[in-house]
Amino acid sequence: MTEFRIYNTLTSRKEKFVPVDPPKVGMYVCGITPYGPSHLGHARCYIVFDVLKKFLDFLGYEVKYIQNITDIDDKIIKKSAESGKPPSEISRLCMESFMEDMEKLNVSKADEYPMVSHTIPQIIEFIEGLVENGMAYLSDGSVYFRTGKAEKYGRLSGRKLEDLKAGEGKGKKESPEDFSLWKKDEEYGWESPWGRGRPGWHIECSVMSHMTLGSVFDIHGGGLDLIFPHHENEIAQSYALTGCVPAKYWIHNGMVTLKGDKMAKSTGNFFLLSGLLSEYDPMVLRMYLLRTGYRQPVDFDTDRLSEEAKAYGKLADFKGELLARAESFSPSPADRSASEVKVLMDDLNTPAAIGEIFKKITPILSRFYAGTHTENDIREGYGALEIFEGVLGIKLPVPMKEEDREIQSLVDERQRLRKEKDFEAADHVREKLDRMGVEVKDTPTGPRWTKKIR
RNA sequence: GGCGCGGUACCCAAGUGGCUUAAGGGGGCGGUUUGCAAAACCGUUAUUUCGCCGGUUCAAAUCCGGCCCGCGCCUCCA
């Protein structure tokens, strides 16, 4: 496959990826609402889109990646009331911890993180436009969207307007399917033509994506759970004002579940990233999440995560062996025709890519040990690692860093004692290394060591 | 109830009409290697089989119909 194909929720099929204005690619991914610590589900989403971003970079596109921050909403306000801290303080702290977690997971920063609280004038302007053209109306200090007047409502989620009408009571709305663009709020609101209030849930993304990427951009992403109502309503609003569906490709990642049920804070059914990242190697976690197709659910299991550490260890060994044999080698960039790239071309198939990399690495590693490897093995190995580390973003430890001198001297010491057949002393040194978290492996070409991977 | 997704070996998981008499990882088993351990290497681990039953086709895990089971969304949610 020589072209990149990706599944588009809007058309329910895989499509050839053709940007609106190549080589530029505009990509907008729904970001977090910072009101608490992040869990594994967040990690999966931002890792998936990070891989997509890195892959598009690899293919030569110039990606502009935007991730919004919903820094004012009901949950943050509730937290504020409980803790006495202002909402801005809560969102700032949560955002910082989110950024730290993402950095550990080797998720690259987006180009911009627009925040709702900094976008109020533009949001008001957008809503005014909708009120003026009759798609929105004022009711008791709040502004609602006239969903019934939206053209082709339900195009993304397949939802039917009639079914929504049967739903909840309408309250101050003209019709139950209408949703709020602006919510009356005397305490935490901003001044507006309709009185004090704050933006509704969906409007921010319509406004911010429009501001940063224009009225039609390439990729809009987020979790599967955002398809309805969030993205559906976003499309409806934007279309009502600009006459365009804002993004060409709508891409959604599957959920992380726990014993079959969706991981969510509201149900207490979740693993926090902070805990996981201190217990397991972040790169093992990243690899584990990429071992399942991005649209499939991942049923999280710590036993599987531990298994993954072993698979990761094999790649880490491979890198060590490769570097040990390639000192004078100047690598050429990874080839688009490589099998691991080809499978990524088909809807970002990361599990297949990892499979291809293993398939490639195993015989090369065996030739390394046998001493029969060729220049081409080194080249292929480099290419595979470039995709593994650069596109999948799973970094492998670099053996022999400056700070590892002490470890190396102990390994050398043990090897000297072994040569002298003083095995008892040699085993003592090995135990000492073991306590330092270092594992020594005696290969046919001499001892090699790795830091233990959790 | 409506809409959507999925059920592949001991576990995880690709594959969605012939290139697959089903990738890859983990685990198991047998062997080589080894001071010991670990690692590594070699071989093996779905062969009327891809939830069940029918159908289409020269050809199906892959398409169609029915059924069973699981999950997500329909309310905040990555």
Side-chain angles (χ1 to χ4, degrees), chain A residues 9 12 14 29-33 35 38-49 67 70 73-75 78 98 154 157-160 162-164 166-168 201 221-230 232 252-257 260-267 270 287-288 291-293 295-299 301 303-315 317-318 321 339-340 343 346 349-363 365-370 418 421-424 426-427 430-431 434 439-445 447-450 452:
Chain A
T9 308
S12 304
K14 284 187 210 170
V29 175
C30 284
I32 54 159
T33 300
Y35 73 100
S38 307
H39 61 70
L40 238 201
H42 299 111
R44 183 180 193 200
C45 175
Y46 301 110
I47 287 172
V48 163
F49 286 100
Q67 207 182 102
T70 306
D73 98 324
D74 295 345
K75 294 184 290 291
K78 190 175 165 225
F98 169 74
S157 63
R159 218 57 47 126
K160 288 185 183 62
E162 304 83 74
D163 297 335
L164 300 175
E168 54 186 290
W201 179 27
L224 210 68
D225 53 355
L226 296 181
I227 294 173
F228 187 89
H230 186 52
E232 190 70 72
H252 296 95
N253 65 277
M255 299 291 102
V256 177
T257 60
D261 293 321
K262 182 178 158 188
M263 192 172 282
K265 284 187 203 170
S266 50
T267 54
F270 60 86
M287 181 166 170
Y288 168 78
R291 288 293 278 238
T292 301
R295 291 191 284 135
Q296 243 52 55
V298 169
D299 194 38
D301 178 356
D303 289 344
R304 282 243 48 248
L305 189 55
S306 302
E307 285 172 17
E308 203 58 38
K310 291 176 188 162
Y312 176 79
K314 182 169 176 179
L315 267 309
D317 284 352
F318 178 79
E321 299 297 330
S339 57
E340 63 273 17
V343 295
D346 185 13
N349 192 336
T350 56
I354 293 171
E356 290 301 324
I357 289 169
F358 271 108
K359 213 196 292 185
K360 193 171 281 185
I361 249 72
T362 304
L365 195 58
S366 108
R367 267 173 249 135
F368 279 168
Y369 288 123
R418 290 183 68 220
K421 305 258 186 231
D422 187 353
F423 297 120
E424 201 180 327
D427 286 350
R430 185 167 67 200
E431 279 158 28
D434 186 70
E439 186 175 28
V440 188
K441 300 159 184 174
D442 296 319
T443 73
T445 50
R448 211 166 285 297
W449 60 270
T450 48
K452 272 197 208 126

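The sequence lines fix the lettering, A, B, ..., with proteins before strands; numbering per chain opens at 1.
- Heavy-atom nearest nucleotides on RNA chain B were determined for A:Ala311 and for A:Asp301, and the one closer to the 5' end corresponds to A:Asp301.
- Across all strands shown, nothing is found opposite B:C36 as a Watson-Crick or G-U wobble partner with both distances under 3.5 Å.
- Base contact: A:Gly254 has a heavy atom under 4.0 Å from a base atom.
- When the P atom is used for both B:C53 and B:A40, the distance is 41 Å, rounded to whole Å.
- Atoms CG (A:Asp299) and P (B:U8) sit 13 Å apart, rounded to a whole Å.
- Across B:C73, B:A78, B:C3, the shortest atom-to-atom separation from the side chain of A:Lys262 is found for B:C73.
- The partner of B:A14, taking Watson-Crick or G-U wobble pairs whose two distances both stay under 3.5 Å, does not exist in any strand shown.
- Here, B:A60 and B:G55 have their P atoms 13 Å apart, quoted to the whole Å.
- Within 4.0 Å of A:Val48, counting heavy atoms only, lies no atom of the nucleic acid at all.
- As judged by a 4.0 angstrom heavy-atom cut-off over every strand, A:Asp74 is placed among residues making no nucleic acid contact.
- The distance from the CD atom of A:Glu340 to the CZ atom of A:Phe358 is 12.5 Å, given to the nearest 0.5 Å.
- The backbone N or O of A:Gly260 sits less than 3.5 Å from a side-chain atom of A:Asp299, completing a donor-acceptor pair.
- Rounded to whole Å, the P atom of B:C3 lies 25 Å from the corresponding atom of B:U8.
- With centres under 5.5 Å and a plane angle under 30° as the test, the ring of A:Phe358 is not stacked against the base of B:G24.
- When the C1' atom of B:U8 is taken as reference, atom CD of A:Gln296 falls 12 Å away, rounded to whole Å.
- In this structure, A:Arg44 contributes its side chain and A:Gly254 its backbone to a donor-acceptor pair below 3.5 Å.
- Using a cut-off of 4.0 Å between Lys/Arg side-chain N and Asp/Glu carboxylate O, A:Asp427 and A:Arg430 are scored as salt-bridged.
- Projected onto RNA chain B by closest heavy-atom contact, A:Gly223 and A:Pro297 fall at different nucleotides, the more 5' of which corresponds to A:Pro297.
- A:Glu308 comes within 4.0 angstrom of nothing in the nucleic acid, heavy atoms only.
- For the pair A:Lys310 and B:G27, the criterion of a side-chain N or O lying under 4.0 Å from OP1 or OP2 is met.
- As the counterpart of B:A78, no nucleotide is assigned, since no Watson-Crick or G-U wobble pattern has both distances under 3.5 Å.
- Comparing the C1' positions of B:C50 and B:A22 gives a spacing of 8 Å, expressed to the nearest Å.
- Base engagement by A:Val440 is indicated by at least one non-hydrogen atom pair under 4.0 Å involving a base atom.
- When both distances must be under 3.5 Å, the Watson-Crick or G-U wobble mate of B:C63 is B:G55.
- Using N1 to N3 plus N6-O4 or O6-N4 for Watson-Crick, or N1-O2 and O6-N3 for G-U wobble, each under 3.5 Å, B:G4 pairs with B:C71.
- At whole-Å resolution of the value, CG in A:Leu305 and P in B:A13 are 14 Å apart.
- For the C1' atom pair drawn from B:G28 and B:A14, the interatomic distance equals 22 Å after rounding to whole Å.
- The closest donor-acceptor contact from the side chain of A:Gln67 to the backbone of A:Gly31 lies at 3.5 Å or more, if one exists at all.
- Within the shown strands, nothing qualifies as a pairing partner of B:C50 under the Watson-Crick or G-U definition with both distances less than 3.5 Å.
- Base contact: A:Arg418 has a heavy atom under 4.0 Å from a base atom.
- A:Lys75 comes within contact range of the sugar-phosphate backbone alone, with a heavy-atom separation under 4.0 Å but no base atom that close.
- Nucleotide B:U21 has no partner under the Watson-Crick or G-U criteria, as no pair reaches both atom distances under 3.5 Å.
- Counting non-hydrogen atoms under 4.0 angstrom, A:Arg44 reaches nothing in the nucleic acid.
- Rounded to whole Å, the separation between the C1' atoms of B:U21 and B:A61 comes to 14 Å.
- Within the structure, every side-chain polar atom (N or O) of A:Lys360 is placed at least 4.0 Å from both OP1 and OP2 of B:G24.
- B:U33 sits 48 Å from B:C69 when the C1' atoms are compared, rounded to a whole Å.
- In this pair, A:His42 and A:Tyr46 present their aromatic rings parallel. The plane angle is below 30°, not in the 30 to 60° band.
- Contact annotation for A:Leu226: backbone-only contact, meaning every heavy-atom pair under 4.0 Å involves sugar-phosphate atoms and none involves a base.
- Using a cutoff of 4.0 Å between basic side-chain nitrogens and carboxylate oxygens, A:Arg304 and A:Glu308 are scored as salt-bridged.
- If you check every strand for non-hydrogen atoms under 4.0 Å, A:Gly41 touches a base.
- Regarding A:Asp442, its CG atom lies at a distance of 9 Å from the C1' atom of B:A37, rounded to whole Å.
- Of the nucleotides present, B:G43 is the one that pairs with B:C29 by Watson-Crick or G-U wobble criteria, both distances under 3.5 Å.
- Nucleic acid contact class of A:His252 (heavy atoms, under 4.0 Å, all strands): none.
- Looking at heavy-atom distances under 4.0 Å, A:Ser306 makes no contact with the nucleic acid at all.
- One atom, CG of A:Leu365, and another, C1' of B:G25, lie 15 Å apart when rounded to the nearest Å.
- Other residues, nucleotides and ligands place more than 12 heavy atoms under 6.0 Å from the NZ atom of A:Lys441.
- For the P atom pair drawn from B:G1 and B:G17, the interatomic distance equals 32 Å after rounding to whole Å.
- In this structure, CD of A:Glu307 is placed 15 Å from P of B:C10, rounded to the nearest angstrom.
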